[in-house]
Protein chains: 2
Amino acid sequence: MRRPTMDDVAGRAGVSRALVSLVMRDSPKVSPERRAAVLAAAADLGYSPHAMARQLAQRTSTVLAVLVSDLHNPYFADVVEAVDTAAREAGLDMILSTGGRRPAGERRAVETMLGFRPAGLVLLSPVVPQSVLEAASASTPVVAVERTVSLPGVDTVTDDGRAGSRLAVDHLAGLGHRDVVHLDGGQGAQSSTRRRGFVDAMRAHGLAPHVEPSEYTEEGGAAAVARLLAAGTRFTALVAANDINAIGALSALADAGLRVPEDVSVVGYDNTSLAAMRHVGLTTVDQPRAEMGRLAVAAVVERIGGHRTAPTRHRLQPSLVVRTTTAPPRAAGTTA
Amino acid sequence: MRRPTMDDVAGRAGVSRALVSLVMRDSPKVSPERRAAVLAAAADLGYSPHAMARQLAQRTSTVLAVLVSDLHNPYFADVVEAVDTAAREAGLDMILSTGGRRPAGERRAVETMLGFRPAGLVLLSPVVPQSVLEAASASTPVVAVERTVSLPGVDTVTDDGRAGSRLAVDHLAGLGHRDVVHLDGGQGAQSSTRRRGFVDAMRAHGLAPHVEPSEYTEEGGAAAVARLLAAGTRFTALVAANDINAIGALSALADAGLRVPEDVSVVGYDNTSLAAMRHVGLTTVDQPRAEMGRLAVAAVVERIGGHRTAPTRHRLQPSLVVRTTTAPPRAAGTTA
DNA sequence: GGTCATCGTTAGAGCGCTCCAATCATTGGA
DNA sequence: TCCAATGATTGGAGCGCTCTAACGATGACC
């Protein structure tokens, strides 16, 4: 079970350990014969470098730590995939961990990862308090995705949540809706931005904004709609906190015998694979997830290289994807 | 940016580095006063142990490497969550990586992870050739989940795919279906087991089994159904390769104007959150995912402890979850 | 023929930690 | 009172690697 070390390879190839090290790192200053001998010995022994020993000696890490708030949300699968690809291209190895959308879980996950002295830390929609991010940024480059942070040591990559909500409202208002309710993301990252965008856009259309508390989960969406119906609230359209929240809302509407989009129109946020499913066909706001993942890694790389110390604030433009859950309200055409 | 080391803490607390090490590992053989002094110094300095240096010195890793074949399949989110929880309880830190369901990608991911000399390697539905698993098992405990492997050094945790398919067929046959088609998982892990179970169960009911090639993806399911319809194949029920494959099949059926379950019944496999969605309501075969994740970690832990060298072969019993995509066929009641 | 770069190679220190054996301080038993 | 036993603490070697500086061997140059 004991794996061969550099010394074993050196012994077999009849060279010094330092030379083996050079070969392993593709140094140009090694004669072809020696290089061949070393590679042959390594192959014979089935040797591969010990990544941790290397990092300890180098005093520089190639580990990119990534925290995912919720593995069940397909939104993250896309971002993580992009991060993974970009990280590999930058020569970084991704470590993934999850906090289960709970601050305590995330905090512990961050601490564990920091124990590995990663080259950087990418947090996807984190819910930990800012203080944790600040502490982390003291020892490694930190990038927060889909979370507004104003710390000088923390870079951010978000979509323009206000613009996203505006797209949704403009679309609905254009269809003739006047009674539109926003299901709020609560403690979730970026929810306040989306809420503000909703309120502003509604006012711009001369409509009264109604915000109903909810959260970034299916259950939350269902519960919020159930509450609205129980209260007898009048609405013909919903702007959900995100896609899974919208899915929950759709379920609750179906339970109540309301048809979508005939009785109620629904708009989601994130354009996850869920929204694209034929049986859902959710109209939703698309975030450039791949781009966001790439930018997050790029931000880390820039900091590592020391090319930058000032924080980056990427704010990407979302777009609307219209599918089958939105249509003019019943009494359409009555609006100006 | 330089993080404090154990020596810094020792200096501040006025003790030796070895004593700090003992405190950090909660050794009982440290006097309360010294312990307090060390902890205070560590807190002042914001010290946290360097996980990699620790592992190098200990010659034993606490890293559990986990390979996920497809982050987009919610099936894995559940298993990973269970693995994460169990790993943490066992004092292991999870590293996650993904191969994008491509053998080359998985192979590279495995090599990268092995560079960290993990305490164990858990592969979820891997598609790499057995030789890769064999090579890996030479240097660390390896557990394959949902993949049949007969190597002595590799433990396995699978569900009983034959039994799962049988549950599906029994259910459909019980409803009166006679023309049932199985969408095959192709190269995917465990697909041959599920296929065999389907064929055997159909024969046991005196029915002719029809197997249509497909794969573990939404597109694959849609394409297979489109092919069946184009060929004019007669069928009243489908046993899909897995849930996302079933989702694709549902879409294709809808496109063709066929209603589910009135015209065609559909059974999935995995009981993912997708299947449970109100708008899908997929009848499906449930795997005890949490249990599987736990068992996988347990297998690694047993090998680490040296308690076992013989391979474990866990085969768990699946169960059927009946929802709304299955019903008697149009001409029901005609069967014996 | 001697000096000086240049090149490929190597010894050895050190990364931050754990482990072992050795040390020192205390206590209890005879 | 002395010695063994117990418990708390420490020095130093070593984990597998990288890095720096130094090394010997060439060859170029005058």
Side-chain angles (χ1 to χ4, degrees), chain A residues 1-39 41-42 45-63 91 93 114-119 139-140, chain B residues 1-39 41-42 45-63 91 93 114-119 139-140:
Chain A
M1 210 81 158
R2 175 182 165 279
R3 300 199 56 166
T5 76
M6 214 166 236
D7 277 311
D8 298 326
V9 177
R12 186 169 240 268
V15 299
S16 71
R17 177 168 30 81
L19 212 241
V20 177
S21 173
L22 290 175
V23 172
M24 287 303 152
R25 283 173 291 142
D26 286 321
S27 166
K29 38 169 75 178
V30 177
S31 66
E33 313 87 58
R34 304 277 183 141
R35 176 186 302 282
V38 168
L39 289 177
L45 263 33
Y47 170 81
S48 80
H50 191 311
M52 298 205 175
R54 168 176 289 182
Q55 295 194 16
L56 186 60
Q58 260 180 171
R59 253 145 295 182
T60 133
S61 172
T62 64
V63 173
D93 300 314
L114 250 29
F116 285 96
R117 302 292 189 273
S139 56
T140 192
Chain B
M1 210 80 161
R2 175 183 166 277
R3 301 199 56 164
T5 76
M6 214 167 237
D7 276 310
D8 299 327
V9 177
R12 186 170 241 267
V15 299
S16 71
R17 177 168 28 82
L19 212 242
V20 177
S21 173
L22 290 175
V23 172
M24 286 304 152
R25 282 173 292 143
D26 285 321
S27 165
K29 37 168 78 176
V30 178
S31 65
E33 313 86 59
R34 304 278 184 143
R35 177 186 304 282
V38 168
L39 290 177
L45 263 35
Y47 169 82
S48 80
H50 191 312
M52 297 204 176
R54 167 176 290 181
Q55 295 194 15
L56 187 60
Q58 261 181 168
R59 251 144 297 180
T60 136
S61 171
T62 64
V63 173
D93 300 314
L114 250 29
F116 285 96
R117 301 293 189 274
S139 56
T140 192

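Residue numbering restarts at 1 for every chain, and letters A, B, ... go by the order of the sequence lines.
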Distance-only polar pair, side chains of B/Ser21 and B/Arg17, donor-acceptor under 3.5 Å = no

For residues B/Thr140 and A/Arg3, is any side-chain donor paired with an opposing acceptor at under 3.5 Å?
-> no

Side chain of [X], heavy atoms from C-beta onward: which of [options] has the nearest atom to it?
| X | options | value |
| --- | --- | --- |
| A/Ser31 | C/dC19, D/dC15, C/dG8 | C/dG8 |
| A/Ala57 | D/dT9, C/dT10, C/dG14 | C/dG14 |
| A/Arg54 | C/dT9, D/dT18, D/dG11 | D/dT18 |
| A/Val15 | D/dT10, C/dG16, C/dT10 | C/dT10 |
| B/His50 | D/dT10, C/dG16, D/dT18 | C/dG16 |

Less than 4.0 angstrom between a side-chain N/O of [X] and OP1 or OP2 of [N], yes or no?
| X | N | answer |
| --- | --- | --- |
| A/Thr5 | D/dG16 | no |
| B/Arg34 | D/dA8 | no |
| B/Arg25 | C/dC19 | yes |

4.5 Å side-chain heavy-atom contact, B/Met6 and B/Val20 | yes

Rounded to whole angstrom units, what separation is found between the [atom1] atom of [X] and the [atom2] atom of [N]?
| X | N | atom1 | atom2 | value |
| --- | --- | --- | --- | --- |
| A/Leu56 | D/dG14 | CG | P | 17 Å |
| A/Leu22 | D/dT18 | CG | P | 9 Å |
| B/Met52 | D/dG16 | CE | P | 16 Å |

State whether the side chain of B/Arg59 and the backbone N or O of B/Ala57 hold a donor-acceptor pair below 3.5 Å, judged by distance alone.
-> yes

Is any N or O donor-acceptor pair between the side chain of A/Arg17 and the base of C/dT9 shorter than 3.5 Å?
-> no

